[in-house]
Amino acid sequence: MSAPADRHLRALERPVVEAARMLVGCTIAHEGCSGVIVETEAYHDSEPACHAYVGLTARTCTLFEAPGIAYVYRSYGIHALLNVVVEPYGVGAAVLIRALEPLAGLDEMRARRGWERSRDLCSGPGKLTQALGIGLDLNATPLAGGPIELGPPPPGRPDPEIVVGTRIGITRAVELPWRFCVAGNRNVSRPRLPVRALTAGPVRRHPTA
DNA sequence: CATGGGATTGACT
DNA sequence: GTCAATCCCATGC
């Protein structure tokens, strides 16, 4: 069973946590460089880890826009991080793209990233924007027909097995299981989720022991 | 207007 | 494991 060709579009209409899961396996392309999404995180204005939690500001207004545009922001003063804005206009929600499996334009990615092995080119949210040449100037640009193109999974590619974990690098709402990774994929960022991590159902907060 | 804190990464111990 | 780099923006005085 290969993935439906419109999964990237249907994901935009969904609640952000479902969207984050559905976007795993889809593709991101920019100027001839592309990759398959292997790791995502969900952010929603109802929880304090989301930039939109503070409400509508000059920084966060992109998050409240209609779905299908990019939210690109600077992290730690250094890195540009790429998000897919989802949910209806007026809701601040986005899916952070955390890692890609490189597909095309590998030589150009290496040129931007340096000497890296293929698996290290896009194995992190700051790495993949550097590899694909995505900068802050692309904030609020459309993901269909824009400079960045969100596409369906590559034809014939089976749906990946997805593992679920808590989000990385945040200090608030740390318990939400809103991180989605392709099980066992070598391109996901660290810390890697174990292949046997939760794949469905409720979260077990504490080990039974 | 000053300040504090990041949705990170790479280098180093 | 620790830590510095570096800048935008939200907040508070």
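Proteins come first, then strands; the chains are lettered A, B, ... in the order of their sequence lines, and each starts at number 1.
Cation-pi geometry between A:Arg59 and A:Tyr71 is not satisfied (NZ or CZ under 6.0 Å from the ring centre, within 45° of the ring normal).
Side-chain contact check for A:Ser189 and A:Glu39: at least one donor-acceptor pair (N or O, by modelled atom type) lies under 3.5 Å. Between the side chains of A:Gln130 and A:Arg112, no donor-acceptor pair is found at a separation under 3.5 Å. Counting only N and O atoms by type, the side chains of A:Asn187 and A:Ser123 include no donor and acceptor under 3.5 Å apart.
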### Task
I would like to know whether A:Tyr89 and A:Glu65 meet side-chain contact (heavy atoms from CB on, under 4.5 Å); could you show each step before the answer?
CA-CA 5 Å; A:Tyr89 177 85; A:Glu65 286 290 338; 3.9 Å; yes
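Between the A:Asn83 side chain and the A:Val85 main chain, no donor and acceptor come within less than 3.5 Å of each other. Formation of a donor-acceptor pair under 3.5 Å by the A:Arg167 side chain with backbone atoms of A:Val174 is not found in this model. Within the 3.5 Å criterion, the main-chain N or O of A:Pro48 finds a donor-acceptor partner in the side chain of A:Arg172.
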#### Entry: Per-nucleotide pairing state of DNA chain C [Watson-Crick or G-U, under 3.5 Å; [ ] pseudoknot-crossing; | other strand]
|||||.||||||.
### Contact letters for nucleotides 3-13 of chain B, in which S counts primed atoms plus P, OP1 and OP2 and B counts the base, heavy atoms under 4.0 Å
---BBBSS---
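Aromatic pair A:Tyr73/A:His51: ring centres closer than 6.0 Å.
Put simply, the side chain of A:Cys122 does not reach to within 4.5 Å of the side chain of A:Glu101, judged on heavy atoms.
Of all nucleotides in DNA chain C, those with any atom nearer than 4.0 Å to a heavy atom of chain A start and finish, going 5' to 3', at C:dA5 to C:dT11.
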